[in-house]
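Sequential numbering from 1 along the given sequence is applied to the chain's residues.
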Amino acid sequence: MEINKLAKQMIEFQKTTFNNTFNTMVMWQDQSEQMLNNFLEQNPMLPKQNKDAVNEWLKVCQKARNDYKKTIDDSFKNLESFFTGSAKG
């Protein structure tokens, strides 16, 4: 069906747009994280306890980012399956 083909193309476009935007955000966050780590390593006035707290916070942010990406990827798979016919009743 033409509608399914058009829908799949629209989904693929949205998926590509999301992935490109997400990858740009990841690069920005990774670079910011590296700058923060450099600051923490070069600052002798900051206690180790504070550095550990910041590192733990960064790990939580990375986990949330990865979980978000997985959720979006799973949603795209479900949406694609709807239009490929595997979700027909």
A.B. asks: What's the separation between atom CE in M27 and atom OG in S32, rounded to the nearest 0.5 Å?
C.D. replies: 11.5 Å

A.B. asks: If you round to the nearest 0.5 Å, how far is CG of D30 from CG of N23?
C.D. replies: 10.5 Å

A.B. asks: Determine whether Y68 and R65 make a side-chain contact, defined as any pair of heavy atoms from C-beta on separated by less than 4.5 Å.
C.D. replies: no

A.B. asks: Side chains of Q29 and E33: closer than 4.5 Å at any heavy-atom pair?
C.D. replies: no

A.B. asks: What's the spacing between K63 NZ and C61 SG if we round to 0.5 Å?
C.D. replies: 12.0 Å

A.B. asks: Can you list, by chain and residue number, the hydrophobic cluster partners of L36 when the side-chain cut-off is 4.5 Å?
C.D. replies: F39, L40, L46, V54, W57, L58

A.B. asks: Quick check: do D52 and E56 have side-chain heavy atoms less than 4.5 Å from each other?
C.D. replies: no

A.B. asks: Write down the atom of F83, the atom of K8, and the distance for their closest heavy-atom approach.
C.D. replies: CB-CG, 3.9 Å

A.B. asks: To the closest 0.5 Å, what do you measure between CG (N19) and CZ (F76)?
C.D. replies: 7.0 Å

A.B. asks: To the nearest 0.5 Å, what is the distance between NZ (K15) and OG1 (T17)?
C.D. replies: 12.0 Å

A.B. asks: Less than 4.0 angstrom from a charged side-chain N to a carboxylate O is my criterion; do K51 and E41 meet it?
C.D. replies: no

A.B. asks: Looking at M25, I want to see if its CE is surrounded by more than 12 non-hydrogen atoms of other residues, nucleotides or ligands under 6.0 Å.
C.D. replies: yes

A.B. asks: List in chain and number order the residues that pass salt bridge (Lys or Arg N to Asp or Glu O under 4.0 Å) with K69, two or more places apart in sequence or in another chain; answer none if no residue qualifies.
C.D. replies: D73

A.B. asks: Would you give the length of the straight line joining atom CD of Q31 to atom CD of Q34, rounded to the nearest 0.5 angstrom?
C.D. replies: 9.0 Å

A.B. asks: Check side chain to side chain donor-acceptor pair (under 3.5 Å) between N37 and all other residues, then give those that pass, not counting sequence neighbours.
C.D. replies: none

